[in-house]
Engineer: 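Could you have a look at this structure, given as structure tokens, before my questions?
What you see below is based on every heavy atom in this structure, not just the backbone, and it leaves out hydrogens, waters and symmetry mates. Source: prediction; values computed, not measured.
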Amino acid sequence: MKKVIALILSVMMCASVLAACGDKDTDSKASGTSNGSSSSTPLVVGYNQFNEKFSPFFSESGYDMDVASMTQVGLLTTDRAGGIIYNGIEGEEREYNGTKYTYKGIANVSVEKGDDKTVYNIKIRDDIKFSDGHVLDADDVIFSYYVLLDPAYTGNSTLNSLDLVGYKNYLYNNSLADTVEISDDEIKTAIESNDDVKAIIADYNSALLKAEWDWAASAYESYGMESQRALYEAAYGTEGKDYSSLSDEELVDAIIEEYGLDFEKLGAAYGADLSADLNPKIVEFLTNAKLAELGGDPVGNIAGIEKLSQTEIRVTTNGYGASDIYQIGNTVSPMHYYGEESKYDYENNKFGFDKGDLSHVESMTTKPMGAGPYKFVKYENKIVYFEANETYFDGAPKIKNVQFKEVEDADKIPGVQTGTIDLTDPSLSLESSKQIGEINGNGDLNGDVITTSLVDNLGYGYIGINADKVKVGKEPNSDASKNLRRAFATVLSVYREVAIDSYYGNTAEIINYPMSNTSWAAPQKSDAGYEVAYAKDVDGNDIYTADMSNEDKYAAAKDAAIGFLKAAGYTFDDASGKFTAAPEGASMTYKASIGSGGGGDHPNFLVLTETSKLFKEIGIDFIVDDIEFATLSELMNTGEQEIWTMAWGATIDPDMYQVYHSSNAGPGAGSNYYSIRDNELDSLILEARQSEDQSYRKAVYKQCLDIILDWAVEIPVYQRQNCIIFSSERINTATVTPDITPFYGWMAEIHNMEMK
């Protein structure tokens, strides 16, 4: 459940997956120093499965991000409340929870806001070293920016969504590119009449169908098919046509020919709006065609990123975005390691790699290196080994060796008890709380064996619905499609309370908007317009009353679901009380995927299974598919999932661009797994970025949240607390980062930790 989609290159290591805290210490440790590593006893941290994507550029899971973060430093620093430290070199003192803390970083930043442009002046220290002894300077900052802004970049960073001065000109290598706009009508006309655009579509359709042939080889068994061919023909072949005389290669070629240029028909079979992928390719072609007519000069750099000296950088954006500074303050990675020194010459527009070719950067993905507190040694036998970076700018770590060790969830608490691990993050349920209390011998979460820390999770649990897969007809945003999804959302929502209470007890709460309660932008019950999610029927009336029992609520939800499905066009038999047929484009069977490995140990498992029972009563098959987490992740990345449950990891700023903007919708396009494409939502997301007025931004984000709920693609479920347990017997708990917050995890001051 810990798929974390966040800014890969965050400011500092302040939002670790294991966001632990120890005993409160009134002495500031944010600027503490050490004369060197003193403990030979390794700190062993229990982690879930790694994917070995340990790159500061290409990490995906929260666990892999933590490995990378151990080795990296951020350009800018944040405090415990998530605020930017503008004077990191000198250090800033800020109060949190009654205690004053001093925060230091590797750079200072000043912001100059103008009518049209915003300028960020960054000054970095001249004595920061990477763990191999190379000095960190402006060239490393420039290199890191250009990797994230390269047209070939495929990681999760959204730095390229900033309106950087000159960025579009750099992408197109033309000084007039930012003057060119392509309209929807131009795209439509080109699709109908431009031979070159038709060739783009043909190549795209062909590549997709060939990729789907490869997909069928690994998926046919899970679909109950006897072979790769059987699944491929069922998914993409023409109904009633006999392909038996064709070889495998001839089969694929024949089906490619049958679809030809009809990407809408292919999208219907694939289950996604392929125009989301195709349109950017067409826009790129049309833009280049216009530029060929206009002329213009070659552009070898991004005008808004300037190196002023070896310690000074200036970044300029068009307009102002409240969240921009968090992206500008990304991780600074070594150019001489991730890039190629022979290909770096700032004055001649060479930035450490060939534009459009990040192969060398990607080749270093499994072996991170940077200026962080620890050096990566190796990943072996499911253990990541680190050793202290003696040149770390805030003092050499006191623990010389650290290990991140893969363990099963069931082994986390016993592991701390027996000494195989020292610190880990079990899911805090009623059962695990009881287990910890019994180990301590006092019935408490804190004792002589285990010390427990709880802090609100920077994220939330949810159930998602893919609008491209769960729809009526071809339009995922039609009223009928929304009513179909509302039927599912209504029933899923009514079971949230009983499921989360039985799993978490009082360590989690139900949320009604798709945003973590840790954010200042999250709607609160006291806010005007606050509503319980999916608690109105198809006519807009309240489904529930205050005096209803749980059973009454379930019955009311069932009636409401029937109303939504009827409105969606489903055929209902009054005599049997069941639906008998689905409208075109919809189905009588939907699958909800959960990644708990078949064991059902997941807070939303009860939500899904109870929902399945209710829909069975009315003739709809709601199948709960309990699979491995890695399998679920693959389904989401390929856009094959229909309904699923996971947890988002949030960022410090509540920017919604990465998760909900249309540009990130569709397989491989980004992390808009809901396939929500809404022009009004897109405009509001961008509008909220441009203001620094927090109350105004909160109001705009409330409009965004209402649109998301109207689409019925996300059911917000719970806000939980992170549980970190660590050995009271082996860790000096007084040295653990004090006053942990969702924005300032235990790793933020790992260099100060000591073993007993």
Engineer: Can you classify the ring geometry of W648 versus Y462 as parallel (below 30°), tilted (30 to 60°) or perpendicular (above 60°)?
Structural biologist: parallel
Engineer: Could you give me the CA-CA distance, side-chain angles and deciding distance for S593 and L635, then say whether side-chain contact (heavy atoms from CB on, under 4.5 Å) is met?
Structural biologist: CA-CA 9 Å; S593 302; L635 285 174; 4.1 Å; yes
Engineer: Relative to the ring of F404, is the ring of F50 parallel (under 30°), tilted (30 to 60°) or perpendicular (over 60°)?
Structural biologist: parallel
Engineer: Can you label the angle between the H336 ring and the H134 ring as parallel, tilted or perpendicular, going by 30° and 60°?
Structural biologist: parallel
Engineer: Relative to the ring of Y146, is the ring of F351 parallel (under 30°), tilted (30 to 60°) or perpendicular (over 60°)?
Structural biologist: parallel
Engineer: Could you check, using the six-membered ring where one of them is a Trp, whether Y337 and F130 have ring centers closer than 6.0 angstrom?
Structural biologist: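 Ring centres of F130 and Y337 not closer than 6.0 Å.
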Engineer: Check the surroundings of atom NZ in K123: do more than 12 heavy atoms from other residues, nucleotides or ligands lie under 6.0 Å from it?
Structural biologist: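 More than 12 within 6.0 Å, yes.
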Engineer: Using modelled atom types and a 3.5 Å cut-off, is there a donor and acceptor pairing between side-chain atoms of N732 and backbone atoms of E754?
Structural biologist: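 No; zero donor-acceptor contacts below 3.5 Å.
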Engineer: What about the rings of Y504 and Y718, do their centers lie closer together than 6.0 Å?
Structural biologist: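 Distance test on ring centres: under 6.0 Å, yes.
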Engineer: Less than 3.5 Å apart, any donor N or O on the side chain of N160 or Y153 sitting next to an acceptor on the other?
Structural biologist: no
Engineer: Within the side chain of D64, is there an N or O that forms a donor-acceptor pair under 3.5 Å with the backbone of S59?
Structural biologist: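 No, D64 side chain to S59 backbone: no donor-acceptor pair under 3.5 Å.
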Engineer: Apply ring-ring contact (aromatic ring centres under 6.0 Å, His included) to residues F143 and Y344 and explain how you reach the verdict.
Structural biologist: CA-CA 8 Å; F143 163 76; Y344 188 90; 7.7 Å; no
Engineer: For residues 365-374, which side-chain N or O atoms pair as donor and acceptor with protein atoms under 3.5 Å away, sequence neighbours left out?
Structural biologist:
unit_1 : atom_1 : unit_2 : atom_2 : d
T365   : OG1    : E362   : O      : 2.7
Y374   : OH     : I399   : O      : 2.5

Engineer: Between D739 and R80, is the closest basic N to carboxylate O distance under 4.0 Å?
Structural biologist: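 No, R80 and D739 are not salt-bridged.
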Engineer: For the residue pair T331 and S333, confirm or rule out a side-chain donor-acceptor distance under 3.5 Å.
Structural biologist: no
Engineer: Is there a donor-acceptor contact under 3.5 Å linking the side chains of T99 and N97?
Structural biologist: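 No - no donor-acceptor pair under 3.5 Å links their side chains.
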Engineer: Would you check, one step at a time, whether the test side-chain contact (heavy atoms from CB on, under 4.5 Å) holds for N722 with D425?
Structural biologist: CA-CA 7 Å; N722 278 327; D425 66 336; over 6 Å; no
Engineer: If you measure only the distance, is there a donor-acceptor pair under 3.5 Å linking the side chains of D66 and Y47?
Structural biologist: yes
Engineer: S363 side chain to H360 main-chain N or O, any donor-acceptor pair under 3.5 Å?
Structural biologist: yes
Engineer: Consider only side-chain N and O atoms of S727 and D422, and report whether a donor and an acceptor are under 3.5 Å apart.
Structural biologist: no
Engineer: Considering residues at least two apart in sequence or located in another chain, which fulfil the salt bridge (Lys or Arg N to Asp or Glu O under 4.0 Å) criterion with D150?
Structural biologist: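 For D150 there are no salt bridge (Lys or Arg N to Asp or Glu O under 4.0 Å) partners, ignoring immediate neighbours.
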Engineer: Under 3.5 Å, is there a donor-acceptor pair linking the side chains of E90 and N108?
Structural biologist: yes
Engineer: For I313 and I142: C-alpha separation, side-chain torsions, deciding distance, then whether side-chain contact (heavy atoms from CB on, under 4.5 Å) applies.
Structural biologist: CA-CA 8 Å; I313 305 98; I142 298 293; 4.1 Å; yes
Engineer: Are Y103 and Y744 close enough that their ring centres sit under 6.0 Å apart?
Structural biologist: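 Yes, the ring of Y103 comes within the 6.0 Å limit of the ring of Y744, centre to centre.
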